[in-house]
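Below is one structure, written out as structure tokens, with a few remarks after it.
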Amino acid sequence: MLGDIQRYDVIIIGAGPAGSSTARVIARRGYRTLLVERKSRVGIPVLCGEFLPTVEELRDILPHSSRIDRICNISNSVVLNRCNHIVLVSPSGDEFDIPMRAIVIDRAAFDQHLAEQALKAGAILLTGTKLKDRVSKNQVRLISGSGTRIVECAVLVGADGPLSTVARCVPGLSQQETNDLSISIQYTIEATGFDSDRVFMFFGNIAPGGYAWIIPRGHTEANVGLGLRPSYATPRRSLRNYLHSFIHHYLIEKLGIRNIRIKRRISGFIPVNGPVQSTVTATALLVGDAASHVMPTNGGGIPTALIGGNIAGKAIVDYLKSGSKLSNYEEMWRREFGNELITGASLLSVASIPMLSDAVTEWAMRCFGRRMLNDVIRCRVPYPFQELSTPLNLMTGQLHRFLR
Ligand SMILES: Cc1cc2nc3c(=O)[nH]c(=O)nc-3n(C[C@H](O)[C@H](O)[C@H](O)COP(=O)(O)OP(=O)(O)OC[C@H]3O[C@@H](n4cnc5c(N)ncnc54)[C@H](O)[C@@H]3O)c2cc1C
């Protein structure tokens, strides 16, 4: 055991976008803030497609958030590419071209930049250090190469991803199970012939219950991957096998991409079931993927991690400064993006029915057409059915539980 117990106002587990954003807000107000990251270097390895809609698009996707202009304005230094279209591809190859202005970022550099901002604000960062468990209400045990230490805090933040240890340790916070999550695999591929202006999303048995993607980092490099839900997939067929089949049939045969070299291989979980039920207790909260703050119909979680982190930071500062309830956090994030996440989860439940076969996926995509598909990937009930949003959410909540 290392030395005396150190005391902090706030301990944040996980230095991803959610954790670093939370830490920055709190440290800037002068509170003793510890940011704990199990990786030895923040952001590496990268677990991300690196796709991010522009601020203008985010204003449209999350219309109730007042923070987008301030929080989601990404420094040009981490932008690798700019795209203007997302092309949704049906199982037979029909293309639905949806205008969407977006950037592709260097995610490692982005995460490091956010962590540096938290450090500049006064936070302390421990890398190569992992939260092991909670030893009492205010104390947690950390492990690193140099041993175990107990640290104490007034508030504990779980920004530690979908399989959050904080959620597991703190009674009253909701925990996600692995079978609630979409599993994903991605290769960063160098090759010739990528269309740098268009992101592709492929639907059907190529990625059961999810989709496959090509996200161009430029003309000669792209993130190529897929996410699927295990309950929809062929038993015992590996993720790697799905991805290799996708690369062979689509990348090489259909799109004619040549001279392929795999630069990086990753796999991870994406929480796509909508927000967890309880994200806050009297002295702890969950943010980002740990709270399942991900847009269910497109799998994007960077914007909500940034906005959620900012909200968490503000709620914690108010709690420490004036004793207001920490539970205000839950009301705040629900107001800013809760509706979109819940609607997205409902839409995904409904879309799960056609996703059971290629023929029905094909039929559903054609019936929906470009305009409705555009609404669905933006997590909103498609025109002209917006009035049905509330009953849809109630009804699909039941369906969702049944399908899981
Ligand atoms: C394959 C894939 C592709 C994706 N593509 C996109 C995309 O293109 N666009 C998009 O918007 N989103 C994408 N996402 C989702 C996005 O990456 C996440 O939503 C986002 O990273 C959430 O940020 P976060 O800070 O909550 O979590 P993370 O970025 O996962 O950060 C959590 C951090 O906590 C650390 N940690 C975990 N446990 C502990 C512990 N016990 N102790 C200490 N540290 C711990 C981890 O090492 C990690 O650094 C993708 C996800 C995957 C898996």
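Atoms within each ligand, like the ligands themselves, are counted from 1 in listed order. Side chains are part of it too, since the values below use all heavy atoms of this structure and drop only hydrogens, waters and symmetry mates.
- A side-chain contact (heavy atoms from CB on, under 4.5 Å) with V36 is found for exactly one of L131, L142, V151, namely L142.
- Residue contacts with ligand 1, taken as heavy atom pairs separated by less than 4.0 Å, do not involve L163 at all.
- Residue contacts with ligand 1 include T129, since one of its heavy atoms falls under 4.0 Å from the ligand.
- Annotation: atom 42 (N) of ligand 1 to nearest protein heavy atom, L131 N, 3.0 Å.
- Between I377 and M295, every side-chain heavy-atom pair lies at or beyond the 4.5 Å cut-off.
- Contacts between D160 and ligand 1 below 4.0 angstrom, taking non-hydrogen atoms only, involve backbone and side chain alike.
- A salt bridge is defined here as a Lys NZ or Arg NE, NH1 or NH2 lying under 4.0 Å from an Asp or Glu carboxylate O, and R107 with E50 fails to meet this definition.
- Atom 21 (O) of ligand 1 has its closest protein heavy atom at R107 NH2, 2.8 Å.
- Of all the heavy atoms of S184, the ones lying under 4.0 Å from any atom of ligand 1 belong exclusively to the side chain.
- I183 places a side-chain heavy atom less than 4.5 Å from the side chain of P230.
- Closest to atom 5 (N) of ligand 1 among all protein heavy atoms lies G49 N, 2.7 Å.
- A heavy-atom separation below 4.0 Å is not found between M295 and ligand 1.
- Under a 4.0 Å criterion applied to the non-hydrogen atoms of G16, ligand 1 contributes the atoms 25 (O), 29 (O), 31 (O).
- Residue contacts with ligand 1, taken as heavy atom pairs separated by less than 4.0 Å, involve C48 via backbone and side-chain atoms alike.
- Remark: R32 is positioned above the aromatic ring of Y8, its terminal NZ or CZ atom under 6.0 angstrom from the ring centre and at most 45 degrees off the axis.
- At a 4.0 Å cut-off, not a single heavy atom of G225 sits close enough to ligand 1 to count as contact.
- Both the sub-6.0 Å distance and the 45° axial angle are not jointly satisfied by R29 relative to the ring of Y31.
- Checked by atom type, the side-chain pair N84/R101 shows no donor-acceptor distance below 3.5 Å.
- Judged by the shortest distance from any of its heavy atoms, L52 lies outside the 4.0 Å radius around the atoms of ligand 1.
- Residue, atom and distance of the protein heavy atom nearest to atom 25 (O) of ligand 1 are A18 N, 3.0 Å.
- Of the protein's heavy atoms, E37 OE2, 3.5 Å lies nearest to atom 46 (C) of ligand 1.
- By the 3.5 Å distance cut-off applied to N or O atoms, R38 is counted among the residues near ligand 1.
- Within ligand 1, counting atoms from 1 as listed, the ones closer than 4.0 Å to a heavy atom of K130 are 40 (C), 41 (N), 42 (N), 43 (C).
- Centroid-to-centroid, the aromatic rings of F202 and Y250 come within less than 6.0 Å.
- No donor-acceptor contact under 3.5 angstrom links the side chains of S21 and N310, judged on distance only.
- For atom 8 (O) of ligand 1, the nearest protein heavy atom (residue, atom name, distance) is F51 N, 3.0 Å.
- Taking every heavy atom of G288 and a limit of under 4.0 angstrom, the matching atoms of ligand 1 come to 26 (O).
- Figure legend: cation-pi geometry between R264 and Y187 absent, as NZ or CZ is not positioned both under 6.0 Å from the six-membered ring centre and within 45° of its axis.
- Nearest to atom 22 (C) of ligand 1 among the protein's heavy atoms is D289 OD1, 3.2 Å.
- Considering backbone and side-chain atoms alike, P17 places an N or O below 3.5 Å from some N or O of ligand 1.
- For F337 and H64, the ring centers are positioned 6.0 Å apart or more.
- For D318 and S322, the side-chain atoms include no donor-acceptor pair closer than 3.5 Å.
- In A159, the part holding a heavy atom less than 4.0 Å from any atom of ligand 1 is the backbone.
- Set against the non-hydrogen atoms of A305, the atoms of ligand 1 under 4.0 Å away are 23 (O).
- Of all atoms in ligand 1, numbered sequentially from 1 with element shown, those under 4.0 Å from a heavy atom of I302 are 9 (N), 10 (C), 11 (O), 12 (N).
- The shortest side-chain heavy-atom distance between I342 and P275 falls under the 4.5 Å cut-off.
- When each atom of ligand 1 is checked for a heavy atom of K39 under 4.0 Å away, the hits are 47 (O), 49 (O).
- At a threshold of 4.5 Å between non-hydrogen side-chain atoms, the residues F110 and S75 do not count as touching.
- Across V287 and A18, no two heavy atoms sit closer than the pair CG1-CB, 3.9 Å.
- For atom 30 (O) of ligand 1, the nearest protein heavy atom (residue, atom name, distance) is G161 CA, 4.2 Å.
- Within the 4.0 Å heavy-atom criterion, the part of T165 lying near ligand 1 is the side chain and not the backbone.
- Interface atoms of ligand 1 facing V36, defined by a heavy-atom separation under 4.0 Å, are 43 (C), 44 (N).
- Applying the 4.0 Å criterion to heavy atoms of G299 picks out, from ligand 1, the atoms 12 (N), 13 (C), 14 (N), 15 (C).
- Between R370 and P99 there is a side-chain heavy-atom pair separated by less than 4.5 Å.
- The proximity of E50 to ligand 1, defined as any non-hydrogen pair under 4.0 Å, is limited to the backbone.
- Under the 3.5 Å distance criterion, with hydrogens and angles disregarded, a donor-acceptor pair is assigned to the side chains of N374 and R378.
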